[in-house]
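Beneath this line is the structure, given in structure tokens, with notes to follow.
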Amino acid sequence: MSYSQEIRGQEDRDLSAVFARAAEPVNLLKAQRQENTLYGFLRPLDHAEDLPAIECLAATIRYGRNDVVVLGTGGSSLGAHALVALKKNRFSHNNQYPRIHFPDNLGPDSMDALLSELDLAHTHFLIISKSGGTAETLAQMMACLAAVKEMLERVQNGRQLSEYFTVIVEPGDNILRRFANRWRLPIFDHAKDIGGRYSALSVVGLLPSAIAGLDIRETRRGARDVLMNCLETENIEDIPAAIGAATIYHCAEEGMNINVLMPYECRLDMLARWHQQLWSESVGKAGKGTTPVRALGPVDQHSQLQLYLDGPNDKFFTFITTNMNGKGPVIDDKLASDPELGYMSGRTIGDLVAAEARATMEALSRHNKPVRQIKLERLNEYSMGALIMHFMLETIIGAHLFDVNAFDQPAVEEGKVLTRQYMEWGRRMH
Ligand code: PA5
């Protein structure tokens, strides 16, 4: 496996009763595997038949494109964004072609800016919505379609509207599919039995990844290895996702119902955002659950660490670290020749980040806070797939422990219905 997990501060706790319950969903998965009825989001991991079509479509979309815009929100954007972030660094998000944009947080100014700054003739729009009815995605799509239509009428380059859009939506009758058919836009099916927030390893996350030039076979392989480890390990107390879920549940029972996820790596910032949605929507219901909070190291040491160390004892901490030692520019103190800088001399930026992560975890442990470290050997497509699978398994096991349904989101749906009502009222008032 490409990662290891170590939990400190819980050594003397007896979790056997929690582990006994954690074994139930894992046994269910094992039985599903025997019967060939694995949950939709796990099924594609048993084979790779869908990958050639995704790779082929990605190659077509990449060709001659400067920009690709992913229109989707929540589960229809976060997984892809987390994966594509592997190609980015914090300061130059757009250093490779095609540049991939995720305007997932709808805003009038950002939408205006996106449409005016893009060279629409060399842009492709990927429209992703499982239900095909999410207002933000439909509104963005209509704005983009109008802009591309206007551009085509102006430049007369002989291209068709359909060459600028690809739609991913579930089969059956829905608004987006009707719209795509009306404008003859190519459609790729979003499997009906894969929920939005569990779709990162399906076409939803892998098509944008392949367009970004990532090796999606490696992503799948990393995820598959974690899934197989879970399905083939006999002792529940040896399965990392079960250990994670059991510890989170136990901590919550002791009043630590905030879960901080703090990677010490810029490219994992989006993964923490993806995880926040996955856990919140899957486990937070019926008055139960824990609150996922995301932080980023080392920058948030200068923002939240005071609270974490010295505030209420209501948190379980997860750190994700990569091997940073020896990486990045070497710090040379000759320019300053200040003895106070001597401790950094000859070390690298990576050494400093690694020391900071270690110091933060150690300080929390000294304050008797429960700390988990997930250590990646390398950050790449394989380990991203592994992390995504780890957290998805941890989430479904966690939901079982909290006795909630991991796959519905009634409160989110309620918000969508109300938004529609307010828009209709607003229209009547005009
Ligand atoms: O995980 C979920 O179910 C949600 O977050 C959805 O992904 C989000 O609301 C977007 O829905 P849709 O993909 O139907 O547009």
Side-chain angles (χ1 to χ4, degrees), residues 1-11 82 85-93 95 240 244 247 251 256 258-273 275-276 292-380 382-384 386-387 390:
M1 291 238 287
S2 59
Y3 69 97
S4 61
Q5 171 178 260
E6 190 194 335
I7 300 181
R8 284 168 246 162
Q10 294 292 293
E11 295 80 357
L86 256 189
K87 281 276 180 186
K88 296 174 176 175
N89 70 48
R90 190 146 177 89
F91 302 107
S92 60
H93 280 222
N95 55 354
T247 312
C251 286
M256 289 172 273
I258 296 176
N259 304 143
V260 178
L261 180 59
M262 185 166 182
Y264 266 76
E265 159 61 75
C266 296
R267 287 173 293 165
L268 291 175
D269 195 18
M270 277 312 300
L271 183 89
R273 235 181 112 187
H275 173 264
Q276 197 171 38
V293 168
R294 66 177 202 279
L296 182 66
V299 65
D300 284 327
Q301 284 180 208
H302 305 277
S303 121
Q304 297 161 39
L305 194 57
Q306 169 63 36
L307 169 77
Y308 292 169
L309 281 170
D310 224 10
N313 196 17
D314 55 1
K315 298 171 196 69
F316 170 74
F317 297 91
T318 299
F319 292 89
I320 308 178
T321 59
T322 57
N323 183 6
M324 292 227 176
N325 283 313
K327 303 217 169 114
V330 177
I331 306 163
D332 186 343
D333 73 335
K334 280 193 215 82
L335 293 175
S337 65
D338 183 329
E340 296 265 2
L341 280 172
Y343 74 100
M344 286 207 247
S345 180
R347 310 298 307 278
T348 66
I349 295 285
D351 292 338
L352 180 58
V353 176
E356 292 192 289
R358 191 172 164 193
T360 302
M361 288 185 278
E362 179 61 29
L364 285 164
S365 291
R366 286 187 191 179
H367 281 69
N368 297 319
K369 315 286 184 193
V371 170
R372 158 167 71 166
Q373 180 178 12
I374 295 178
K375 232 194 244 182
L376 301 184
E377 279 164 30
R378 249 170 243 103
L379 180 59
N380 52 23
Y382 180 81
S383 56
M384 281 299 278
L387 275 183
H390 170 99

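Throughout, numbering of the chain's residues begins at 1 and tracks the sequence.
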When rounded to the nearest 0.5 angstrom, what is the spacing between [atom1] in [X] and [atom2] in [Y]?
{"X": "I7", "Y": "F317", "atom1": "CD1", "atom2": "CZ", "result": "14.0 Å"}
{"X": "H275", "Y": "R294", "atom1": "NE2", "atom2": "CZ", "result": "12.5 Å"}
{"X": "M384", "Y": "L86", "atom1": "CE", "atom2": "CG", "result": "5.0 Å"}
{"X": "E356", "Y": "H302", "atom1": "CD", "atom2": "NE2", "result": "5.5 Å"}
{"X": "T360", "Y": "M262", "atom1": "OG1", "atom2": "CE", "result": "5.5 Å"}
{"X": "T322", "Y": "R267", "atom1": "OG1", "atom2": "CZ", "result": "7.5 Å"}

Taking side chain as C-beta onward, heavy atoms only, is [X] less than 4.5 Å from [Y]?
{"X": "N259", "Y": "T318", "value": "no"}
{"X": "K369", "Y": "M256", "value": "no"}
{"X": "R378", "Y": "N323", "value": "no"}
{"X": "K327", "Y": "I349", "value": "no"}
{"X": "E377", "Y": "S383", "value": "no"}
{"X": "R273", "Y": "D269", "value": "no"}

Salt bridge (Lys or Arg N to Asp or Glu O under 4.0 Å) against R358, all qualifying residues, sequence neighbours excluded: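 Listed in chain order: nothing, the list is empty.
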Examine the side chains of Y264 and Q301 and answer whether a donor and an acceptor come within less than 3.5 Å of each other.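 Checked: Y264/Q301 side chains pair up, N/O donor to acceptor below 3.5 Å.
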Decide whether Q373 and T321 meet the rule of one side-chain donor and one side-chain acceptor closer than 3.5 Å.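 Judged by distance alone, the side chains do pair up.
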Nearest heavy atoms of M270 and A82, plus distance in Å: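 Looking at all heavy atoms of both residues, the closest pair is CB-CA, 3.7 Å.
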Between G244 and Q5, what is the shortest heavy-atom contact and its length?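 Of all heavy-atom pairs spanning G244 and Q5, the closest is N-NE2, 4.1 Å.
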Please name all residues satisfying side chain to side chain donor-acceptor pair (under 3.5 Å) with R347, sequence neighbours left out, ordered by chain then number.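 By the side chain to side chain donor-acceptor pair (under 3.5 Å) rule, R347 matches D351.
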Distance-only check: which donor-acceptor pairs under 3.5 Å involve side-chain atoms of residues 304-311, not counting sequence neighbours?
| unit_1 | atom_1 | unit_2 | atom_2 | d |
| --- | --- | --- | --- | --- |
| Q304 | OE1 | Y308 | OH | 2.2 |
| Q306 | NE2 | D310 | OD2 | 3.4 |

Pick out which of L296, L268, I320, I374 makes a side chain to side chain contact (heavy atoms under 4.5 Å, CB included) with L261.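 The option that passes is I320.
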